[in-house]
Amino acid sequence: MNIVHTPAELRAALAPFQSPAFVPTMGNLHDGHLDLVRQAVPLGDVTVASIFVNRLQFGPNEDFDTYPRTLQADCDKLADAGCHVVFAPNERDLYPEPQTFTVAPDQALANILEGHFRPGFFTGVCTVVMKLFQCVYAESKGPRHALFGKKDYQQLMVIRRMVEQFALPITVVGGETQRAADGLALSSRNGYLSAAERAEAVQLAQALRRLADATRALPEASFACAVGQLEHEATQTLNRRGWRTDYLTVRRRRDLQAPAHGDSLVVLGASRLGATRLIDNLEC
Ligand code: PAF
């Protein structure tokens with residue numbers, strides 16, 4: 001496996017290939033990332049992963065400084081999963097000067113849910129992903145795939161829209177959320193949890209499951225106002241256990257707006273347990 005740090009080194013490493021299959025990450029890899037890498041391998045003639053903690057997508061009071069940087073362990077895992085090239089730029093390699101041009105996503109999608117609670121998050125994500133795409137696919141002429149986890153459900157939708165609207169010749173693939181044995185969605189931030197918090201953390205997935213089940217049982221006549229009541233009760237139940245919930249909500253899958261009876265649904269949640277903010281979702 002080849003580990004490169006600059007865009008020029010990446011281009012040189014990828015020059016012999018036509019069809020990169022690419023998994024962007026911020027490192028501190030877990031089985032969710034590695035599952036994406038394993039899915040990527042048959043999709044291209046070279047499998048590329050990036051490891052870059054992107055300052056642009058962190059708010060001023062978020063965990064940019066403490067986000068775990070575990071490059072050697074990540075590279076060992078990537079090699080085992082079949083990755084061929086790791087792109088691990090430092091900040092100056094990717095942002096040699098302040099990034100004054102940015103990619104501003106569709107407000108209707110990017111200012112709700114995660115974008116509401118993390119202002120600027122999706123602009124930071126889209127800007128770095130667009131830049132990473134330029135670096136990874138610069139030399140390729142064949143089919144190009146990029147893989148993102150469904151755990152970041154809204155992020156996956158924003159990236160899909162960006163790819164469509166800029167007519168990028170890239171197929172975006174969404175990978176299923178990987179879960180621990182108790183049902184907790186795998187996340188790099190799970191490592192922040194104390195033992196007691198880790199035991200409690202599965203309650204977020206369980207709250208989403210109960211909210212999904214209760215929503216599916218609603219009759220058409222009272223659907224719209226009853227969904228709001230169920231969301232409120234689910235939030236109160238979680239908060240009574242000591243969580244601080246940003247949202248627990250039922251949305252229609254196609255645009256994450258409020259659902260009507262009969263829509264394909266997704267329930268999404270973001271909540272803080274101690275100092276750790278966890279997100280999860282469930283299609284239902
Ligand atoms: O999902 C992530 O890890 C990040 O948001 C991404 C897509 C690698 C961009 O920094």
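The figures here come from the full heavy-atom set of this structure, side chains too, leaving out hydrogens, waters and symmetry mates. Counting from 1, the numbers follow the sequence of the chain as shown. Remember, it's 1-based here, ligands and their atoms both numbered in the order they're listed.
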ask   = Do Lys150 and Leu156 have side chains that get closer than 4.5 Å, going by heavy atoms?
value =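 Side-chain contact under 4.5 Å: yes.
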ask   = Is any side-chain heavy atom of Met26 closer than 4.5 Å to a side-chain heavy atom of Ile51?
value = no
message = How far is atom 1 (O) of ligand 1 from the closest protein heavy atom, and which atom is that?
response =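 Of every protein heavy atom, Gln155 NE2, 2.8 Å lies nearest to atom 1 (O) of ligand 1.
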key: Identity and separation of the nearest protein heavy atom to atom 3 (O) of ligand 1   =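 Here the closest protein heavy atom is Met26 CG, 3.6 Å.
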request  = Over all heavy atoms of both residues, which pair between Gln39 and Val173 is shortest? Give the atoms and the distance, please.
outcome  = OE1-CG1, 4.0 Å
query = Would Arg160 count as a cation-pi partner of Tyr153, with NZ or CZ less than 6.0 Å from the six-membered ring centre and within 45° of the ring normal?
reply = no
inquiry  = Suppose I only count heavy atoms of Val128 and a 4.0 Å limit; which atoms of ligand 1 are within that range?
reply    = 9 (C), 10 (O)
task = Indicate, as side chain, backbone, both or neither, the part of Thr25 found under 4.0 angstrom from ligand 1 when only non-hydrogen atoms are considered.
result = backbone
Asp182 bridged to Arg198 by N-O distance under 4.0 Å =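 Yes, this pair counts.
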inquiry  = When you compare ligand 1 with Asn54, is there at least one nitrogen or oxygen pair between them that comes in under 3.5 angstrom?
reply    =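 No, since none of the N or O atoms of Asn54 sits under 3.5 Å from an N or O of ligand 1.
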ask   = So is Gln57 polar-close to ligand 1, meaning N/O to N/O under 3.5 Å?
value =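 Looking only at distances, the answer is yes, because the N/O contact criterion of under 3.5 Å is met.
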